[in-house]
Amino acid sequence: MTGQAISPELREWVVAQLAAGHSIPSLRASMREAGWHDDATDAALAEVEAQAAGLAAAPARASMPGPDLSNAPLYIDTGDRRVQVLQTLRHPRVLVFGDLVSDEECEALIQAARQRLARSLTVETKTGGEALNVDRTSDGMFFERGENPVVARLEQRIATLLRWPLEFGEGLQVLRYAPGAQYRPHYDYFDPGEPGTPTILRRGGQRLATLVMYLQEPELGGATTFPDVGLEVAPKRGTGVFFSYERPDPATHTLHGGAPVLAGEKWVATKWLREREFR
């Protein structure tokens, strides 16, 4: 025996890999490449093999965040607002909503966020923490869920519109993009192959969807881009672009970015939705 310890984090990583669709043979090869001895690898896989069988036999997720479009509505009633359905795309699953956020709400969010802005960080899947990223040159901050009346009202509207529990959403993030600022193309899901991902997933599972809401229009530039499909969404104030990803895989074609702002400032609010309650 090698004596290599089978930690709870390793078990969670194995389970996360299986849930993402990786096979036991591929996990065995990856663990060996990472320096795990055969007996430790076998022990770790044996502990989750029964769970792996259940995951392999499990049906695809029955539900995902998103509005009811079964009747091809032009408008969706969220209880406090009549939201427009402006554009839909099936693959990737992208929807553009109009009149999602009022001018007054946009201003209130900007003013509340302005004094708390700092250089934006990205979630670091290699460590499970956060880090500066040269691909992301915005300033940003996070509101706690329900932190103030405007945030609480908007979060409830989003939950109703997308038919997803309010508690499954991360805190609302507000970002400011000054001239020249951008966010190069990236994915919002957490890469199951990275060692820090199991730590991130403990807070609420995998990300399933993203909603970007435009609070202030720049004079030029700043579109949200989807390079895989050649789609660009103009950052019109009060509008939101929603996209979901049923699995953490580039095949979802949800590679996206924020094009450079060429003049003026762009302000956005982003809501990420998780598999379960975000803590």
Side-chain angles (χ1 to χ4, degrees), residues 65-67 69 72-76 78 81-111 113-114 117 120 122 133 135-141 150 154-155 157-158 161-162 169 172-189 207 209-245 252-273:
L69 301 180
L74 298 179
Y75 300 91
I76 297 175
T78 64
R81 197 163 187 81
R82 196 168 177 247
V83 176
Q84 302 170 339
V85 180
L86 297 180
Q87 184 177 15
T88 64
L89 189 65
R90 290 189 177 182
H91 189 65
R93 189 185 185 214
V94 179
L95 295 95
V96 180
F97 297 114
D99 204 22
L100 176 57
V101 190
S102 72
D103 288 346
E104 293 76 17
E105 289 167 336
C106 289
E107 282 300 322
L109 290 172
I110 289 171
Q111 294 309 316
R114 190 180 294 277
L117 293 176
S120 297
T122 57
N133 187 331
D135 290 339
R136 190 181 200 185
T137 52
S138 60
D139 296 318
M141 54 79 67
V150 174
L154 184 55
E155 288 175 328
R157 185 180 308 152
I158 293 168
L161 175 66
L162 301 179
L172 193 68
Q173 184 185 47
V174 173
L175 298 171
R176 178 186 64 187
Y177 290 84
Q182 64 178 313
Y183 195 177
R184 292 187 176 91
H186 61 282
Y187 298 100
D188 280 355
Y189 58 73
R207 281 178 177 168
T210 303
L211 176 64
V212 178
M213 296 160 282
Y214 305 111
L215 307 181
Q216 178 175 302
E217 303 169 12
E219 295 173 29
L220 296 170
T224 300
T225 64
F226 294 83
D228 286 350
V229 293
L231 175 65
E232 294 190 2
V233 180
K236 179 174 174 55
R237 188 180 204 183
T239 299
V241 57
F242 166 81
F243 53 99
S244 61
Y245 22 97
T252 58
H253 295 309
T254 53
L255 183 71
H256 65 286
V261 170
L262 303 179
E265 285 189 344
K266 179 179 75 170
W267 287 73
V268 304
T270 302
K271 171 67 77 171
W272 288 287
L273 305 181

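From a predicted model like this one, the values you see are computed outputs, not experimental measurements.
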### Task
Look at the rings of His186 and Tyr183 and say which category their plane angle falls in: under 30° parallel, 30 to 60° tilted, over 60° perpendicular.
parallel
### Query
Looking at Tyr214 and Ala234, what are the two nearest heavy atoms and their distance?
CE1-O, 3.7 Å
### Query
Quick one: CE on Met213 to OG1 on Thr270, what's the gap to the nearest 0.5 Å?
6.5 Å
### Non-hydrogen side-chain atoms of Pro235 and Val268 separated by less than 4.5 Å
no
### Message
On a heavy-atom basis, which atom in Gln182 and which in Gly258 lie closest, and how many Å separate them?
### Response
CB-O, 3.3 Å
### Query
Hey, what do you get for NE2 (His256) to CZ (Phe226), rounding to the nearest 0.5 Å?
6.5 Å
### Sub-4.5 Å side-chain heavy-atom contact between Leu172 and Leu109
yes
### Query
Are any non-hydrogen side-chain atoms of Val85 and Pro67 less than 4.5 angstrom apart?
no
### Task
Side-chain contact test, heavy atoms from C-beta onward, threshold under 4.5 Å: evaluate it for Pro92 versus Thr252 and give yes or no.
no
### Query
Once you round to the nearest 0.5 Å, how far does CG of Leu255 lie from CZ of Phe243?
9.5 Å
### Query
Could you state the interatomic distance from CG (Leu95) to CG (Leu86), rounded to the nearest 0.5 Å?
10.0 Å
### Task
Take the angle between the ring planes of His253 and His91 and call it parallel below 30°, perpendicular above 60°, tilted in between.
perpendicular
### Task
Calculate, to the nearest 0.5 Å, the distance between atoms CG and OG1 belonging to Leu231 and Thr225 respectively.
8.5 Å
#### Entry: Reference residue Asp99; test salt bridge (charged side-chain N to carboxylate O under 4.0 Å, His left out); the match among Arg81, Lys236, Arg237, Arg82
Arg81
#### Entry: From CZ (Phe97) to CG (Leu162), nearest 0.5 Å
5.5 Å
